[in-house]
Amino acid sequence: TMAEFGVTPEIMGLKCVVSLHVLWVSRPLRTSPYSVTKHLDEGLRAWRRLHEARGTIGHRNGVLRNHSPQELECQWARLRQEFLALASESRGRTAHVEAMLDQAQAEHAERQEKQLERWNA
């Protein structure tokens with residue numbers, strides 16, 4: 001056990017990060033790290049908030065059979081807003097996070113466009 005080695009979670013610096021795979025960007029969204037010993041409750045609340053904001057929309061397969069494009073846009077706006085709110089609460093500024101979301105979304109849209117071109121060729 002950790003006690004046998006004289007190690008504590010504080011000494012180890014254990015942290016958790018909320019990582020969420022979403023339809024609208026290729027890379028997972030990741031929050032700032034939360035200290036396991038001091039801020040675990042905040043990390044768990046962040047996980048809950050992001051999962052609720054994502055809703056029932058899955059990661060990829062069959063999403064357009066179950067959701068309209070309007071539903072997808074609405075859900076992305078909600079998730080994006082919640083992710084930015086969490087960034088603001090933990091870092092106090094969101095410009096960098098907003099730019100990262102814009103870039104990730106643009107890259108994903110570009111890949112989707114190329115896939116559509118190949119599909120229609």
Side-chain angles (χ1 to χ4, degrees):
T1 67
M2 291 191 327
E4 293 172 334
F5 293 98
V7 178
T8 65
E10 292 87 3
I11 292 172
M12 294 180 69
L14 295 177
K15 297 181 180 186
C16 69
V17 174
V18 179
S19 181
L20 186 69
H21 291 270
V22 296
L23 176 68
W24 304 274
V25 294
S26 299
R27 296 180 297 253
L29 298 179
R30 290 190 175 94
T31 64
S32 296
Y34 295 92
S35 167
V36 169
T37 58
K38 297 177 185 173
H39 304 288
L40 182 59
D41 287 342
E42 289 176 40
L44 293 172
R45 277 193 297 276
W47 178 86
R48 189 175 309 113
R49 287 169 60 183
L50 290 174
H51 278 269
E52 286 174 3
R54 181 176 67 180
T56 59
I57 295 173
H59 181 52
R60 299 247 190 278
N61 296 335
V63 72
L64 289 174
R65 281 179 276 181
N66 301 315
H67 304 281
S68 72
Q70 294 81 13
E71 286 176 305
L72 297 176
E73 286 299 317
C74 182
Q75 205 65 33
W76 167 244
R78 184 174 169 208
L79 178 60
R80 180 185 172 97
Q81 180 180 0
E82 194 64 41
F83 191 77
L84 287 169
L86 285 169
S88 177
E89 292 165 16
S90 66
R91 298 184 191 132
R93 56 190 167 102
T94 60
H96 173 73
V97 175
E98 193 164 9
M100 178 273 303
L101 288 173
D102 288 342
Q103 179 182 1
Q105 188 177 2
E107 290 170 1
H108 183 71
E110 185 178 319
R111 276 191 291 281
Q112 279 187 317
E113 187 64 33
K114 287 179 183 177
Q115 287 175 338
L116 283 173
E117 287 173 7
R118 284 194 298 267
W119 177 266
N120 292 323

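Index from 1, following the sequence.
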message = side chain to side chain contact (heavy atoms under 4.5 Å, CB included), that's the test. Do Leu79 and Leu20 meet it? Break it down for me.
response = CA-CA 11 Å; Leu79 178 60; Leu20 186 69; 4.0 Å; yes

Enter the distance from [X]:[atom1] to [Y]:[atom2] here, rounded to the nearest 0.5 Å.
| X | Y | atom1 | atom2 | answer |
| --- | --- | --- | --- | --- |
| Leu44 | Arg48 | CG | CZ | 7.0 Å |
| Met100 | Arg27 | CE | CZ | 7.5 Å |
| Phe5 | Met12 | CZ | CE | 11.0 Å |

inquiry  = Run the side chain to side chain contact (heavy atoms under 4.5 Å, CB included) test on Trp76 and Leu101 for me, step by step, so that the C-alpha distance in whole Å, both residues' side-chain angles and the decisive distance to 0.1 Å come before the verdict.
reply    = CA-CA 11 Å; Trp76 167 244; Leu101 288 173; 4.2 Å; yes

query = Is Trp47 reachable from Leu40 through a run of I, L, V, M, F, W or Y residues, each pair having side-chain heavy atoms under 4.5 Å apart?
reply = no

message = Hydrophobic cluster membership, with links at side-chain heavy-atom distances under 4.5 Å among I/L/V/M/F/W/Y: are Leu84 and Leu86 in one?
response = yes

message = Looking at Ile11, is its backbone amide N or carbonyl O close enough to the side chain of Thr8 to form a donor-acceptor pair, meaning the two atoms are under 3.5 Å apart?
response =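 The answer is yes, because a donor-acceptor pair under 3.5 Å joins these two groups.
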
key: Donor-acceptor contact below 3.5 Å, side chain Gln105 vs main chain Val25   =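 Judged by distance alone, no pair lies under 3.5 Å.
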
Which heavy atom in [X] sits nearest to a heavy atom in [Y], and how many Å separate them?
| X | Y | result |
| --- | --- | --- |
| Val36 | Cys16 | CG2-N, 4.0 Å |
| Gly43 | Val18 | O-CG2, 3.5 Å |
| Val17 | Thr31 | CG1-O, 3.3 Å |

key: pair Leu29-Val22: side-chain heavy atoms closer than 4.5 Å   =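 Yes, at least one pair of side-chain atoms sits under 4.5 Å.
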
key: Audit row: Leu14, Thr37, side chain to side chain contact (heavy atoms under 4.5 Å, CB included) steps and yes/no   = CA-CA 7 Å; Leu14 295 177; Thr37 58; 5.9 Å; no

key: Of all pairs that satisfy salt bridge (charged side-chain N to carboxylate O under 4.0 Å, His left out), the ones with a partner from residues 2-21, not counting sequence neighbours   =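 As it turns out, there is no salt bridge (charged side-chain N to carboxylate O under 4.0 Å, His left out) pair with a partner in residues 2-21 once direct neighbours are skipped.
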
query = Which pairs pass salt bridge (charged side-chain N to carboxylate O under 4.0 Å, His left out) with one or both residues in residues 80-89, sequence neighbours excluded?
reply =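 Salt bridge (charged side-chain N to carboxylate O under 4.0 Å, His left out) check on residues 80-89 returns Arg49-Glu82, Arg49-Glu89, Arg80-Glu98, Arg80-Asp102.
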
